[in-house]
Each structure stands twice: as structure tokens, then as C-alpha cells.
Amino acid sequence: FAQNAHGSIHLPPSRTVSLSPFLQSKMSVRSLGRLLMRSRSLGTATLSGFKSPIALEYIYPASSLNPVRMPSIPQNQGSTFSGYIPFDKIELSYTRSSGPGGQNVNKTNTKVDVRFILEKADWIPEDVKNNMKIKYHNQLSKEGYFVVTSDRTRSQHLNVADALEKLREFIRAAEPEKVAELSPETLERIRRRREKVARERLQVKRGRSHVKSDRGASSF
């Protein structure tokens with residue numbers, strides 16, 4: 001705070017407040033400065049050090065009020081597809097649909113075709129792509145395009161969303177089957193069960209051998 005010769009106090013940035021009412025009430029400049037600082041800090045939590053327990057950073061730790069912050073792209077985990085489809089690596093085309101819509105069908109291009117070259121799709125795990133080549137070989141064109149079509153609704157945007165969801169289902173259906181890892185307790189139960197079955201089989205074999213030996217001894 002800086003006081004000039006005219007009895008005014010300057011606040012950053014370039015704000016001036018007259019001191020005459022406060023000087024008449026015999027308020028010191030230091031007290032006035034504390035009062036003004038306190039009034040300015042009411043809307044800023046960092047000046048007073050107070051943070052509400054329901055502040056944004058506590059409720060949504062990964063969120064941000066920055067409007068230009070781009071969300072992170074989810075990555076594939078091994079052979080598991082993340083569900084992220086990059087729009088710059090697929091082709092969208094629109095044609096007139098034969099689905100529901102009445103006369104509107106012949107006026108707007110609501111049918112959506114999503115296509116991409118499967119061999120160049122680096123956003124799909126490699127082993128999933130190999131499974132797709134075998135499982136969906138009838139859906140691959142001669143140029144290697146994988147095509148998904150949707151004319152489910154009369155809305156172009158909804159058909160785009162439906163085609164992308166179909167594509168996700170195709171990719172996830174081609175993921176390798178996951179083998180569940182057995183716990184040590186389960187492995188121990190399996191081992192004991194196998195040992196029990198082996199003991200019972202040996203007992204049956206010994207019983208049969210005794211019966212045969214008894215028959216041979218009685219013949220003499």
C-alpha cells in the first residue's frame with residue numbers, strides 16, 4: 001500500500017480508495033490496510049489459507065478448471081482394448097438410409113459407414129488385430145478396409161455413435177480369452193483332490209488283483 005500527498009491509498013492493480021472518511025474516524029493506515037486486504041481475500045481462498053472440504057480439488061482430484069486442458073488418452077493394457085477410437089485414423093462416410101424416417105429418408109444422409117485399414121490400425125493391440133483378421137475376414141474388403149455400418153436411427157450423430165459402439169464390440173470380441181489366475185488355496189485343493197483320486201484308483205486295482213489271485217489259488 002502507498003499513500004500519496006492527496007490522502008489516498010493505492011491498491012494493486014491501480015485501484016484508489018479515498019482515506020478521508022477513515023481519517024475522520026481516526027483509523028490508522030495500518031488498520032485500514034488490514035481491512036482492505038481482508039476484504040479482498042474473501043473471494044480468494046489462497047490468501048487466507050482456507051480451503052473448503054468440498055473444494056473441487058478434494059471432490060475431483062483429477063479435474064481442472066482450465067478450459068484448454070486436454071484429457072489424457074486412455075492406453076491399451078496389453079491385449080485389452082481401451083475403447084478409445086481416434087477420429088483422425090478412421091474414415092466416416094454418409095449416405096441416404098433405408099431405415100426408419102418416412103419421407104425424411106430420401107432427403108438426408110443419415111446412414112453412417114466407419115472404415116479403416118485394419119493392418120495400419122496401431123490403436124488396436126497386435127494380437128487382437130490378428131484375431132480380427134481371422135474372425136472377421138468376411139468384413140474385410142480387398143483393400144484391407146474393415147467396415148462397420150449403422151442406419152439404426154434417423155439421426156446422423158446417433159448413427160455415428162452406434163457405429164463406433166459396434167466397432168468397440170467387434171474389437172473386444174476378438175480379444176484373447178483371459179486365463180484366470182488361481183489362488184494358492186485353490187491350487188492346494190486341486191492337488192489334494194488329484195491325490196485322493198489317484199489313491200482310490202490304486203485301491204480299486206489292488207482289490208481286483210487280490211480277487212484274481214484268490215481265484216487262481218482256489219483252482220488248485
Side-chain angles (χ1 to χ4, degrees), residues 46 51 54-191:
T46 55
K51 289 185 180 180
I54 57 173
L56 181 65
E57 59 186 89
Y58 295 145
I59 300 177
Y60 302 105
S63 64
S64 174
L65 295 177
N66 187 2
V68 298
R69 178 187 177 188
M70 297 298 294
S72 59
I73 298 176
Q75 302 296 325
N76 298 326
Q77 301 295 329
S79 300
T80 304
F81 177 58
S82 64
Y84 174 75
I85 301 176
F87 268 74
D88 57 339
K89 296 186 179 181
I90 61 175
E91 299 178 12
L92 294 175
S93 59
Y94 309 97
T95 56
R96 292 181 180 179
S97 173
S98 60
Q103 294 297 325
N104 190 54
V105 173
N106 299 324
K107 297 179 181 179
T108 57
N109 296 329
T110 57
K111 184 179 180 180
V112 177
D113 290 338
V114 178
R115 62 179 62 216
F116 61 94
I117 298 180
L118 183 59
E119 187 66 31
K120 297 181 180 180
D122 54 356
W123 44 277
I124 301 177
E126 194 66 30
D127 47 355
V128 177
K129 285 196 298 185
N130 296 333
N131 292 342
M132 292 179 66
K133 294 176 186 177
I134 300 173
K135 190 172 184 177
Y136 308 124
H137 63 278
N138 292 331
Q139 293 183 240
L140 292 175
S141 64
K142 295 181 180 179
E143 295 81 9
Y145 280 94
F146 187 85
V147 184
V148 179
T149 304
S150 176
D151 57 354
R152 185 176 181 179
T153 69
R154 68 180 68 181
S155 171
Q156 187 182 96
H157 296 290
L158 294 179
N159 287 339
V160 170
D162 182 62
L164 294 178
E165 188 60 29
K166 284 183 179 179
L167 178 57
R168 293 187 184 95
E169 292 177 357
F170 281 130
I171 297 175
R172 287 179 175 135
E175 292 179 354
E177 295 184 1
K178 297 180 180 180
V179 179
E181 296 183 0
L182 301 179
S183 62
E185 294 80 6
T186 303
L187 293 175
E188 182 64 20
R189 286 198 300 268
I190 294 175
R191 185 187 65 82

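One is the number of the first residue; the rest follow in order along the sequence. As the structure is a prediction and not an experimental result, all values here were calculated from the model.
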Quick one: closest heavy-atom pair of [X] and [Y], and the distance?
X	Y	answer
Pro176	Asp127	CG-OD2, 3.7 Å
Ala174	Asn131	O-ND2, 2.9 Å
Lys129	Glu119	NZ-O, 3.3 Å
Ala163	Val148	O-CG1, 3.6 Å
Ser183	Thr186	OG-OG1, 2.9 Å

Review point. Is there side-chain contact between Ile85 and Val114, with at least one heavy-atom pair below 4.5 Å?
Key: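 Answer no - side chains too far apart.
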
Point to revise | Validation row: Val160, Tyr94 side chains within 4.5 angstrom (heavy atoms) | key: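 The answer is yes; the side chains approach within 4.5 Å.
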
Counting distance only, does the side-chain N/O of [X] pair as donor-acceptor with the main-chain N or O of [Y] below 3.5 Å?
X	Y	answer
Gln156	Asn109	yes
Arg168	Gly83	yes
Asn159	Thr153	yes
Asp113	Val147	no
Lys166	Thr149	yes

Nearest 0.5 Å, what's the [atom1]-[atom2] distance between [X] and [Y]?
X	Y	atom1	atom2	answer
Phe81	Glu175	CZ	CD	8.5 Å
Asn130	Ser79	CG	OG	10.0 Å
Gln77	Ser82	CD	OG	8.5 Å
Lys89	Lys120	NZ	NZ	12.0 Å
Tyr136	Leu118	OH	CG	11.0 Å
Lys142	Leu140	NZ	CG	13.5 Å

Review point. So Phe146 and Phe170, would you call those rings parallel, tilted or perpendicular, with 30° and 60° as cut-offs?
Key: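 Phe146 vs Phe170 ring planes: perpendicular.
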
Practice item. Step by step, work out the side-chain contact (heavy atoms from CB on, under 4.5 Å) result for Val128 and Asn76. Key: CA-CA 11 Å; Val128 177; Asn76 298 326; over 6 Å; no

**Study point:** Salt-bridge contact Arg172-Glu169 (side-chain N to carboxylate O under 4.0 Å)
**Key:**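 The answer is no: the pair does not qualify as a salt bridge.
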
